[in-house]
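First up is the structure itself, then whatever we jot down about it.
Just so it is clear: chains get the letters A, B, ... in the order the sequence lines come, proteins before strands, and each one is counted from 1.
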Amino acid sequence: MAKEKLLLLDGNSLAYRAFFALPLLANESGIHTNAVYGFTTMLQKILEEEKPTKMLVAFDAGKTTFRHDTFDEYKGGRQKTPPELSEQFPYLRKLIDAYQIKRYEKELYEADDIIGTLAKQAQSQHMDVIIVSGDKDLTQLATDQVSVYITRKGMTDIEKYTPSHIEEKYGLTPNQIIDMKGLMGDPSDNIPGVPGVGEKTAIKLLKEYGSVEALYEQIDSMKQSKMKEKLVANEEQAKMSKKLATIFTEAPIDITLEDLNYPGPNEDNVLQVWQELSFKSLIEKSDFQVEEKVTAELAFEIVRDVTPDMLKDVMAIHVELENEHYHTCQILGVGFSDGETNFYVSFEIFSNNEVIKNWLEDETKKKYMSDSKAAQAILKRLGINLRGVEFDMLLASYIVNPAISGDDIATLAREFGYGDVQANETIYGKGAKWTVPAENVLAEHVARKAFSIWSLQPVVEEKLKTNEQFDLYYDLELPLAAILGRMESEGIKVNIETLEKMGEELEQKITSLEKEIYELAGEKFNINSPKQLGVILFEKLGLPTIKKTKTGYSTAADVLERLQSEHTIVKYILDYRQLAKLKSTYIEGLIKEVHRGDSKVHTRFQQALTATGRLSSTDPNLQNIPIRLEEGRKIRQAFVPSNEDWVLFAADYSQIELRVLAHMSNDDNLVDAFKKGMDIHTRTAMDVFHVSEDEVTSNMRRAAKAVNFGIVYGISDYGLSQNLDITRKEAGEFIDKYLQSFPGVKDYMDNIVQEAKLKGYVTTLLNRRRYLPDITSRNFNLRSFAERTAMNTPIQGSAADIIKQAMINMDARLKEEGLKTKLLLQVHDELIFEAPRDEIEILERIVPEVMENAISLNVPLKVDFSYGSTWYDAK
DNA sequence: CCCATCACG
DNA sequence: ACGTACGTGATGGGT
């Protein structure tokens, strides 16, 4: 039989070590994870290297130990365990259980003593023993059979203390480690030792005398010195300290070596804990296999014919798609569940079934879904108008916590406690290996999704209600999904010929710029490569380096702008960059997205993605079409109405974020400025620079505008100094002056950070939440970032709430008025419609009215609008 | 697949 | 002392 190998881990010490060695990471729900993460990486490494047959993790139990009988200040003065660490212990225990490793703790004894006792027992049975700890005290236990591994920085780096290593390092035997500590003490455990004796002196003394006791026996023969005086004066204390430092190897533990057999991890359970804590890199790297069906059985049927009685008044339905591009992809199959019966219908049957179509279009038949907007859009392509969506798990989860990583139902379901849906990647594979599995596998997967939606609907809605977020979800996000779906399906018409013509002109300009650049550089190179460009500019041409990136020289636009006076090539590069961007992203990229059938682009608005509550837009992104520079702005000439004699009508909120700030801070000055309808940047300049309105120069206004931006972003002197190209000190002075002029804003900023620290999250006007786990971090960077986020998110998020509400009201109003006008796009603070010319007059009246009254603030909202025959002309 | 860059609010 | 402006998505280069 192979020799037994026992691995003993010091749970508390390792958790502490990991906690302080690693940055304070947190998962999406705000649980800190660094201690568990460090422990896990260490554990993985040790398991792989040592392959133990028996294992135990020992923990300290409670506050008092038998050592307190000796010295009641033992471990006194120790800082309370930080809450960010305490909250990790339950997860650590869960993880250890998942690995199927025994845990043990015993009243009055420390983990050390449990480890010492078991190590001794194991030794007497001739086992190999390895002890792992972050605490060097344990090294006193080292023998020929017992090695003590102490973690160093980063947790996976380990120093192995064997008797010979200890001899080499200190010139002492393991036993003498105790004497060393008796003499030098240990501030972390509040062990006093002999004042004035440190590691060096202790080692010297022990080499000469052997032990504390031997030292004091011979102390009379020691020649007179300051040190001798101290030793004599502290004899009792030294002996007591030694006693405190001695690990007790006879602890009365009620666990035996037989109990410690280690069967290896339950990989499924370990993965589940990793999932919960978002240890993505570990999940990816590990070769853990998810066990075949630990999942509960789910009865389901593959149905060939659907009769009306099968489709209930309330039912979960899931439309499974090939991929996320729901405007172009195919349906793979559809799952239904009412909690009792679960069934699957293939696309072929689904698409030709009048019974299902009628049910889907029946408003009174309530549907529970996840990502109903995707289903709505793809069903629309089949001529089916989806109605009666009562629950959308994707949106509900997003409202509960916008950080929940979204698109896969498996992830969402797990988040709310249902773990029996497989990840899409498991079913289909990924990348080039993607493939649709056999029908029974697909059917079960899809049926499980439907079942999980059904099962979790009450759970998630309950959570929404406790958080007072049900209205936000049900009255705002859910109806908005249907509106966004219609906007996407409607699409916006693009004139490809216009784009192609622009492309040709750009091509010519780019070619001639290329020529100039190669000429000036003296060689050909890839201008698009920041690496190659850096070499040319900063090495060959010797331009001064202003900023560096992780990988080399920065060639970003702000750097190049400062270098323009140094070399004529710089301007050419800036121009080249600008035009190359236009051509690749906005000409070629956009053309690729135009649908052949209708000459339109159909973006997808991501409604459950951003941390703040904004939408985002993909394939193509229609929220970043150029406007700031004229050359780019011309791209908008290619966006046109879908009918002859229609126009594009654009309406945007003026200064919505600063108005939101005025409302939330209720700063008298800021509120007054908006009530009087003043130009806010001019007003800010007047207050910050103490001048009258007509004394405000354009530079002062520019600076004030930057300060206002800074305030909205969560001000920092550094950020403002970068933006205005001034010193940090000057920027700091601007900020001070601003906050003096707007004291209510200062109070708001202070309070919101306090509130975030207290609650762990911030909220918007309509009670949207964002969790900020890093707000209590001791890492300056993480904490500062979280603080700025605490200031910015309520502002940005409330602005998002307002425009979303406006979209809902606008949709209703258009219907009421019986107009043909269609809402096509939302770009954060503006709405873009297409409209028949004869409806313009009405729109000019109702669009500002609806938008300005979407949500009532203590300052007015202001909307500007315009229209034209292309998006460019709606300015 | 990540990084740097740059387009928008 | 720390080293940042807030929120996004698409592209080309390079590993």
Side-chain angles (χ1 to χ4, degrees), chain A residues 23 284 402 430-431 525-534 547-560 573-574 576-590 592-593 603-606 609-629 631-633 635-636 652-657 661 706-724 728 731 735 762 770 777-797 799-800 803 825-831:
Chain A
E284 270 167 38
K430 66 169 168 180
F525 66 100
N526 188 339
I527 310 169
N528 287 321
S529 161
K531 197 177 168 189
Q532 295 181 35
L533 181 59
K547 203 166 72 177
K548 282 193 171 173
T549 66
K550 279 181 240 171
T551 47
Y553 308 107
S554 170
T555 67
D558 62 324
V559 172
L560 296 188
I573 290 165
L574 282 166
Y576 172 90
R577 280 252 180 92
Q578 191 201 334
L579 301 185
K581 175 88 178 181
L582 288 177
K583 185 154 181 280
S584 68
T585 305
Y586 297 103
I587 303 287
E588 287 158 1
L590 201 53
K592 282 188 205 130
E593 294 291 342
T603 189
R604 296 191 323 276
F605 288 108
Q606 307 297 323
L609 185 147
T610 71
T612 55
R614 276 189 176 182
L615 303 175
S616 86
S617 157
T618 55
D619 302 312
N621 179 355
L622 294 181
Q623 293 182 319
N624 72 346
I625 302 300
I627 189 166
R628 292 172 190 171
L629 300 172
E631 297 94 313
R633 190 173 200 158
I635 298 285
R636 294 178 174 228
D652 69 293
Y653 283 108
S654 157
Q655 304 297 351
I656 189 167
E657 292 191 336
L661 175 62
V707 173
N708 278 329
F709 267 97
I711 292 294
V712 169
Y713 291 158
I715 196 83
S716 82
D717 53 4
Y718 182 86
L720 183 64
S721 74
Q722 288 295 299
N723 192 291
L724 283 177
R728 248 172 76 170
I735 294 166
V762 289
R770 180 177 185 179
S777 171
R778 275 170 306 282
N779 178 316
F780 176 88
N781 263 333
L782 290 179
R783 189 178 63 249
S784 305
F785 188 23
E787 286 170 356
R788 292 197 296 274
T789 310
M791 300 185 238
N792 171 263
T793 294
I795 301 174
Q796 190 182 119
I803 194 163
L825 299 175
Q826 186 249 49
V827 191
H828 310 308
D829 65 354
E830 66 176 326
L831 298 178

Just checking [X]: base, sugar-phosphate only, or nothing, at a heavy-atom cut-off of under 4.0 Å?
{"X": "A:T612", "value": "sugar-phosphate"}
{"X": "A:F785", "value": "sugar-phosphate"}
{"X": "A:G710", "value": "base"}
{"X": "A:A799", "value": "nothing"}
{"X": "A:N723", "value": "base"}
{"X": "A:R633", "value": "nothing"}
{"X": "A:D652", "value": "nothing"}
{"X": "A:N779", "value": "nothing"}
{"X": "A:A786", "value": "nothing"}
{"X": "A:I795", "value": "nothing"}

Checklist line | side-chain contact (heavy atoms from CB on, under 4.5 Å) between A:F785 and A:T789, intermediate numbers included | finding: CA-CA 6 Å; A:F785 188 23; A:T789 310; 3.8 Å; yes
Next item on the list: Count the heavy atoms belonging to other residues, nucleotides or ligands that lie under 6.0 Å from CZ of A:F525, then report whether that count exceeds 12.
Entry: yes
Notebook entry, point to check: A:F605 and A:L622: side-chain contact (heavy atoms from CB on, under 4.5 Å), yes or no, with the steps?
Noted result: CA-CA 9 Å; A:F605 288 108; A:L622 294 181; 5.9 Å; no
With respect to the side chain of [X], which nucleotide from [options] is positioned closest?
{"X": "A:S529", "options": "C:dG13, C:dG7, C:dT4", "answer": "C:dG13"}
{"X": "A:Q606", "options": "C:dA5, C:dG9, C:dT11", "answer": "C:dG9"}
{"X": "A:R728", "options": "C:dT4, C:dG7, C:dG14", "answer": "C:dT4"}

Next item on the list: With sequence neighbours left out, write down each residue that passes salt bridge (Lys or Arg N to Asp or Glu O under 4.0 Å) with A:K581, or none if nothing qualifies.
Entry: none
For [N], does either OP1 or OP2 sit under 4.0 Å from a side-chain N or O belonging to [X]?
{"X": "A:N792", "N": "C:dG7", "answer": "no"}
{"X": "A:K592", "N": "C:dA10", "answer": "no"}
{"X": "A:S616", "N": "C:dG9", "answer": "yes"}
{"X": "A:R788", "N": "C:dT4", "answer": "no"}

Item checked: C:dT4 and B:dC3, which share atom name P, separated by this distance in whole Å -> 14 Å
Check: Which value, in whole Å, describes the distance between the P atoms of nucleotides C:dA5 and B:dT5?
Finding: 13 Å
Next item on the list: Please assess A:L720 against A:Y713 for the test side-chain contact (heavy atoms from CB on, under 4.5 Å), listing each intermediate value before the final yes or no.
Entry: CA-CA 10 Å; A:L720 183 64; A:Y713 291 158; over 6 Å; no
Next item on the list: Sort out the partner of B:dC3 for me: Watson-Crick or G-U wobble, both distances under 3.5 Å, none otherwise.
Entry: C:dG12
Note to self: Both distances below 3.5 Å, Watson-Crick or wobble geometry, any strand: find the nucleotide opposite C:dA1.
What the structure shows: none
Margin query: Nearest 0.5 Å, please: how far is CG in A:N708 from CD1 in A:I715?
Written below: 9.0 Å
Note to self: Could you tell me if the side chain of A:Y653 sits less than 4.5 Å from the side chain of A:I803, heavy atoms only?
What the structure shows: yes
Checklist line | Heavy-atom check, side chain of A:I627 versus side chain of A:I635, under 4.5 Å | finding: no
Notebook entry, point to check: What string of B, S and - do you get for nucleotides 2-9 of chain B 5' to 3' if you count protein non-hydrogen atoms under 4.0 Å?
Noted result: -SSSBBBB
